[in-house]
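Each ligand, and each atom within it, is numbered from 1 in the order the structure gives. Numbering starts at 1 and runs along the sequence shown.
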Amino acid sequence: MTEKTSPASTWRTATRLVRGGTQRSAFDETSEAIFMTSGYVYHNAEEAEQAFKGDKSRYIYSRYANPTLSMFEQRLALLEGSTYCMATASGMSAVFAALASQLKAGDRVVASRALFGSCLYIIADQLPKFGIQTELVDGTDLAAWEAALSTPANVVFMETPSNPTLDIIDIAKVSALAHAAGAKVVVDNVFATPCLQRPLELGADIVIYSATKHIDGQGRSLGGAILTDDQTFVEDHLTPWMRHTGPALSPFNAWLLLKGLETLSIRVKQHCENALKVATFLDSHPKVERTLYPGLKNHPQHELALSQMSGEGSTLVAFQVAGEKSGAFAMLNGLSLIDISNNLGDTKSLITHPSTTTHQRLSDEERAALGITNGMVRLSVGLEDADDLIEDLDRALAGIS
Ligand SMILES: Cc1ncc(COP(=O)(O)O)c(C=O)c1O
């Protein structure tokens, strides 16, 4: 965990990403060091006692804090513009820590229903087991939020753009409704990244990331993060949760993610440029029944997407091909460049069939309510040349009978 430092907070985004949080060791290395240590040495017994009392700020144990993690946390906090950042071992451990650390039996959570499968599992299946009431709403429908938040709530959770349908939720308007109902707002900002969307500036209280995705950007490591300006949440809930339940990030992964941040903004810009070209191609293809891309004018929340996501339309495209599941499978199997994989945010383009992978656990009715059809595929557009991606998709779509 870290607090933003004043000189670096005047830097522009590119400088924050490359330089933010760097702390050189006694060896004056240019590339930040990996501190693969679980413990730290005290020079005498009194120093250990003071450290445990909290009288002396220093590293105690890597489940609590670690210098490589601190560099990653400081750099990400600078990018987000948040006071605090806590790194976690995966995106899901970030989601669970952000929710479970602050909720108790009798509390109430309202969430958008178009969520990544594991987030849905935590909210719809796990939290009720602990006596927490949960309600899911159509995140794009402000009247539905208003109705759900006419009853007091403790937490509002949303994912925007959503996985895989790329629904866009109005963070500012929902945050205002949530605060009036007494709830803290948690935003899963994985798809947008802090380069495109800063939920805290729009009124949210807590932002979570799967750093596994765009922050790493090369499919090498799992990681996550929780960012906030809420001191009470951090001191009373999140810090004890992190220290005592142990979802700490490995220093090696923190280093990969720290280095991933250095190129995040230029990667995201190029991913979006490629995604727009690919979406435009797909949208006019006869074998594509529907293209869902927030950067296209025909997306239901196009204007909101552009205003909320720095004028960009996302790094992912979802589309529905002719022929339902067999059409989608024929297309996936006909690709030679794009890889079939459920990961996303990689330099390599990755495609998945959500109804049989990430959202397989849901019933047909639940998937239908989310707009996940059997013909739908989700493409995480990589950094290859967009024309090569289009040629690959064109060949594969031609194979649908
Ligand atoms: C929107 C979203 N949130 C959270 C997660 C979970 O992240 P992780 O796989 O790092 O645990 C994912 C993973 O795909 C995701 O897409």
| message | Between Arg24 and Asp28, does any NZ, NE, NH1 or NH2 come within less than 4.0 Å of an OD or OE carboxylate oxygen? | response | no

Output side-chain donor-acceptor pairs under 3.5 Å for residues 122-132, partner residues at least two apart or in another chain, one line each.
residue: Asp125; atom: OD2; partner: Arg361; partner atom: NH1; Å: 3.0
residue: Gln126; atom: NE2; partner: Tyr121; partner atom: OH; Å: 2.7

For ligand 1, what N or O to protein N or O distances fall under 3.5 Å?
residue: ligand 1; atom: 3 (N); partner: Asp188; partner atom: OD2; Å: 2.7
residue: ligand 1; atom: 7 (O); partner: Ser210; partner atom: OG; Å: 3.0
residue: ligand 1; atom: 10 (O); partner: Gly91; partner atom: N; Å: 2.8
residue: ligand 1; atom: 10 (O); partner: Ser210; partner atom: OG; Å: 2.7
residue: ligand 1; atom: 10 (O); partner: Thr212; partner atom: OG1; Å: 2.6
residue: ligand 1; atom: 11 (O); partner: Gly91; partner atom: N; Å: 3.1
residue: ligand 1; atom: 11 (O); partner: Met92; partner atom: N; Å: 2.9
residue: ligand 1; atom: 14 (O); partner: Lys213; partner atom: NZ; Å: 3.1
residue: ligand 1; atom: 16 (O); partner: Asn163; partner atom: ND2; Å: 3.1

| request: Scan side-chain atoms only and decide if Asp392 and Ser336 contain a donor-acceptor pair under the 3.5 Å cut-off. | output: yes

| Does the side chain of Thr358 come under 3.5 Å of the side chain of Arg378 through a donor N or O and an acceptor N or O? | no

| query | Any ion pair linking Glu47 and Arg58 (charged N to carboxylate O, less than 4.0 Å)? | reply | yes

| query | In terms of side-chain geometry, is the basic nitrogen of Lys269 or Glu312 positioned less than 4.0 Å from the acidic oxygen of its partner? | reply | no

